[in-house]
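Okay, structure first, notes after.
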Amino acid sequence: MDGALKVFDIMTARGCQVDDRVCSVIVSGFSKARKSEAGLDFYDRVRKDVSGFEPGLMTLTMVVNLLGREGRTGEVPELTTEMERKGMMGDEVFYGSLVHGYMRSGMLMEGLREHGLMLEKGIAADVVNYTTVIDGMCREGSVEKVMGFLDEMERMGAKPNLITYTSLVGGFCKRNRLEDAFSIVRKLEQTGVVVDEYVYSILIDRLCKNGDLDKAFSLLGEIESKGIKVGIVTYNAVINGLCKAGDTAKAVEISEAVTGDNFTYSTLLHGYIMEEDMTGVMAIKGRLETSGIAFDVVTCNVLIKALFMIKKADDACSLFHRMRGMGLSPNTVTYHTIIDAMCKLGEFDRAVELFDEYKKDTSFSSTVVHSGLIGALCNAGKVIMAEQIFCDLIHKKLRPDSCTYRKLIHANFKEGGEQGVLNFIGKVGELDMDLFSSVCSYASSFLSTRDCCQAALAVYKIIRTQFFAVSSKTFYKLLKSLLRNGNEQAIQPLLGEFIKIHGLHEPRTVNMLSCHLSKKNVGEAIRFSSYMNNGSVPVSVLRGAIYALKKEGEILDAYSFLKEAEKSGFPVDLAMYSIVVEGLCRGGNVEKALDLCESMKKEGIHPNIIIHNSVLSGLCQHGCFTEAFRLFHYLERSNILPTIITYAILIGALCREGFLDDAYHFFQKMSNNGIRPTTHIYNLLISGYCNYGLTEKALELLSHFEDLFLLPDAFTLGAVISGHCLKGDTEAALGFFNEYHCKDMVPDFVGFMSLVKGLYAKGRMEESRGILREMFQCKQVVELINSIGHEVQTESLVGLLSSACEDGRIDEVMTILSEVRLMSVSSSDSNSCNTLTHLKRPPRIDDTCDPRTDSEQVLSSVTFDVSSNCLHGSSEGTLQPMTERADNLCISSDDTDIDIGNLLGKSFYDEFDTYYPAIASLCSKGELLKANKAIEAMIQNSG
DNA sequence: ACATTATAAC
């Protein structure tokens, strides 16, 4: 090109007129050399500087060609409108270039449209035009459609040439139809056409890409023997095949026998990069530098990557900066490579600097650089920086791939929890509707699976208020999550919307609806379900029904229901037995529970550790200690591992009965078996010691906490305080209270009250009142008192108590509170009992310690046989092999319709915060009746 | 004016 330009300069200098033909030849040269930038510069220069020159069709055709070759078809329309203004009309060559450009930019439809337009204008298409179209279709992967085109071509008198067939061969190879590709070649050879290197290089390349190197080499030998010259392109295909197969050494060997080009060296470098062979990389880099080849962009890109690999980051950057001087523009891959490398080095600021440079170039329309950087920043926890990159995508109206926004949602969740995700949604409202809707759908589903129901629901509402479609999957996940978390109020309307939009076509929808119904009305659900499923009722519905009955306190009905299901051949599963056994044991019906353990075995389902824990707990609660310990020893001897729950049940029971040494023995046994004690376990022992006057032992246990990284909770503190008070050591109790109060830790209700009573008994009225007041500051205690007040329909207590407390009527307070306490202890109703234990335990203690939560988490897949023998007499249990590990043995977290842990929502607590100031003020003014009204309103609102 | 080979993708 340099020579051509020199001649051109001489021409203009001598006043030789530059015509369309001369100009077009030079632009064509730039086009073939893929130097569109320089070509356009030249074109502009000639138009401006050469007087009397007006670009004609030939030059314009070459400009279109040049743009098309580099995928810059977007700039073509400006040119065509200018032509129309001047009344110029394209010929078949012009349209050929135009169509070619579209085809190479992956715009098949536009290409076909221009081709059709040309025909409409009465311009006949020649072989080249048809070949261009055929090639475009082959590239897109539709060789089949091409066959029809071939016929049309013949009819129009344009005979396909070798180039047409080459495109066809390429099309078949793309679809991996090698047989068809080869048959074309054979037919050509039969008709006497001399097939050239182009065709063979395509075939060889395909063979290599398929890993069929043997066939590739034999074909290579075949064409060499035919006397067809084999050039660098074919060798490069083979070299590339070897590199991809992991044999870069062999590839290098071949490359040494030929004169390599940019393709050769970039392939080899990439091969060694993949093999992480630093010496290999350096050797190729050396050969490349001494070869005297002028680098192209791809070679630079690979070389930059290679330099980072051999830890020469500075050299990589310097090459990057030298590119423009070499006449090369860094492209998307260049920026991706260098930014990615910077991130891997932890140089995020430099990565962002490079990105800022990249984003200024508006001609880039890829999202890869953005995605890569966002991913790396998210991984490094730099969410804010990542969001800024995402903003650039939005502003450029580029469509990020789903991985990118998912990554951002995950990172925001990690950083800021559900609120973080909601904030992110708030920030990306500028996205186009369709994309925003996808982001919201994903966010809602994601939050649902993480059990962030409220946030998931909020996102769902955003989708709905914007009138976007909510996919069945998003609905389903949200509903599942609500169902799992006992969020009954939200389910009903949502389910209604879901069914209105998506109908009841999917079986999973029917199941879910049945489960929901079953929690309300067992019979209706079963009828509905058997109707929808042609008579068969899925196990999940029956499970839901049993759970519903138990929740309603009708455990005996649940029991009969299960028995009925067994008899009628309905499906039964482990979870159903688990629910009923637990309920029976809790209700004191251990006999029936054991009977169920027997009958479930007949159904081929074997009791697991969860069920045993229930039985164990039932036995303990009803004083059957001998049986309980027999069962424990049986478990120990079989391969059934007792869990922390098992130990908690026994330690708790022993402590309650005052067998403190035995309890401690079990505690040690548990530790020896590799189960780390938690605060909850310690609490059992500490309160045991305290209740029996052994406060020192309790404190000694407390002193272990720090070494074990455990924190005492409200329960721990309450136990120690009441222990001190029990011994009359109010001073010690007060000191202990203050010590933790300073650290913002308070005891539970029992602890508070012991201290209040202790101080009161010693006549320390002021202090007693102070502690009481302190207690009312404690939300958990207030919550407990209120929930009892709510349940037993007494006057709302907090208002009365706090006002009495302010007035110094401690006696009155004491009476009320002792009543409250009595209620909480004597209540034998299983439901309120549940509520109480749930509340008495401060939130967020180790969850795994709650046997009811555990039953969901640990529902293990271990099957075994428990025989009631082990409870009465012979302790021999028969261990059965894990023959039937039925799917329904495990309640997977996604399929669970049972939520025993979440019996009481948090709403009350929120309401209390809102109402409290008003109530407090009314009480202080003596307006107790009004205060009570306010409290009732509060309770109703939270209901 | 039409046909062949190499690089990036959390």
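So that the names make sense, note that chain A is the first sequence line, chain B the second, and so on, each numbered from 1.
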Item to check | Output field: ring centroids Phe172(A)/Tyr165(A) closer than 6.0 Å | outcome: no
Checklist entry - Is the ring centre of His410(A) less than 6.0 Å from the ring centre of Phe446(A)? => result yes
Grab the [atom1]-[atom2] distance between [X] and [N] for me, whole Å please.
X: His100(A); N: dC2(B); atom1: NE2; atom2: P; result: 5 Å
X: Phe308(A); N: dT7(B); atom1: CZ; atom2: P; result: 19 Å
X: Ile228(A); N: dT4(B); atom1: CD1; atom2: C1'; result: 14 Å
X: Leu220(A); N: dT4(B); atom1: CG; atom2: P; result: 19 Å
X: Leu207(A); N: dT5(B); atom1: CG; atom2: P; result: 14 Å
X: Met274(A); N: dT7(B); atom1: CE; atom2: C1'; result: 9 Å
X: Met62(A); N: dC2(B); atom1: CE; atom2: C1'; result: 12 Å
X: Lys382(A); N: dC10(B); atom1: NZ; atom2: C1'; result: 17 Å

Are the charged groups of [X] and [Y] less than 4.0 angstrom apart, N to O?
X: Asp151(A); Y: Arg155(A); value: no
X: Lys159(A); Y: Glu154(A); value: no
X: Asp392(A); Y: Lys396(A); value: yes
X: Glu144(A); Y: Arg177(A); value: yes

For a quick check of understanding: with a heavy-atom distance under 4.0 Å over all strands, which category does [X] fall into, base, sugar-phosphate or nothing?
X: Asn331(A); answer: nothing
X: Val302(A); answer: sugar-phosphate
X: Thr131(A); answer: base
X: Arg69(A); answer: sugar-phosphate

Next on the checklist: Quick one, Phe320(A) with Tyr335(A), criterion ring-ring contact (aromatic ring centres under 6.0 Å, His included). Give me CA distance, side-chain angles, the key distance, then yes/no.
Outcome noted: CA-CA 9 Å; Phe320(A) 171 75; Tyr335(A) 280 102; 5.5 Å; yes
Checklist entry - Going by number, which of residues 165-173 of chain A have a non-hydrogen atom under 4.0 Å from DNA chain B? => result Thr166(A), Ser167(A)
Next on the checklist: Before you tell me yes or no, could you show the steps for His336(A) and Tyr358(A) under ring-ring contact (aromatic ring centres under 6.0 Å, His included), namely the whole-Å CA-CA distance, both residues' side-chain angles and the distance that decides it to 0.1 Å?
Outcome noted: CA-CA 10 Å; His336(A) 180 271; Tyr358(A) 167 80; 9.8 Å; no
Less than 4.0 angstrom between a side-chain N/O of [X] and OP1 or OP2 of [N], yes or no?
X: Lys407(A); N: dA9(B); answer: no
X: His370(A); N: dA9(B); answer: no
X: Lys244(A); N: dT7(B); answer: yes
X: Asn236(A); N: dA6(B); answer: no
X: Arg139(A); N: dC2(B); answer: no

Checklist outcome for this item: Of the listed dA8(B), dT4(B), dC2(B), the closest approach to the Ile163(A) side chain comes from dC2(B)
Next on the checklist: I want to verify a distance call: between dA8(B), dA6(B), dA1(B), whose nearest atom is closest to the Asp126(A) side chain?
Outcome noted: dA1(B)
Item to check | Any N/O donor-acceptor pair, Ser266(A) side-chain to dA6(B) base, under 3.5 Å | outcome: yes
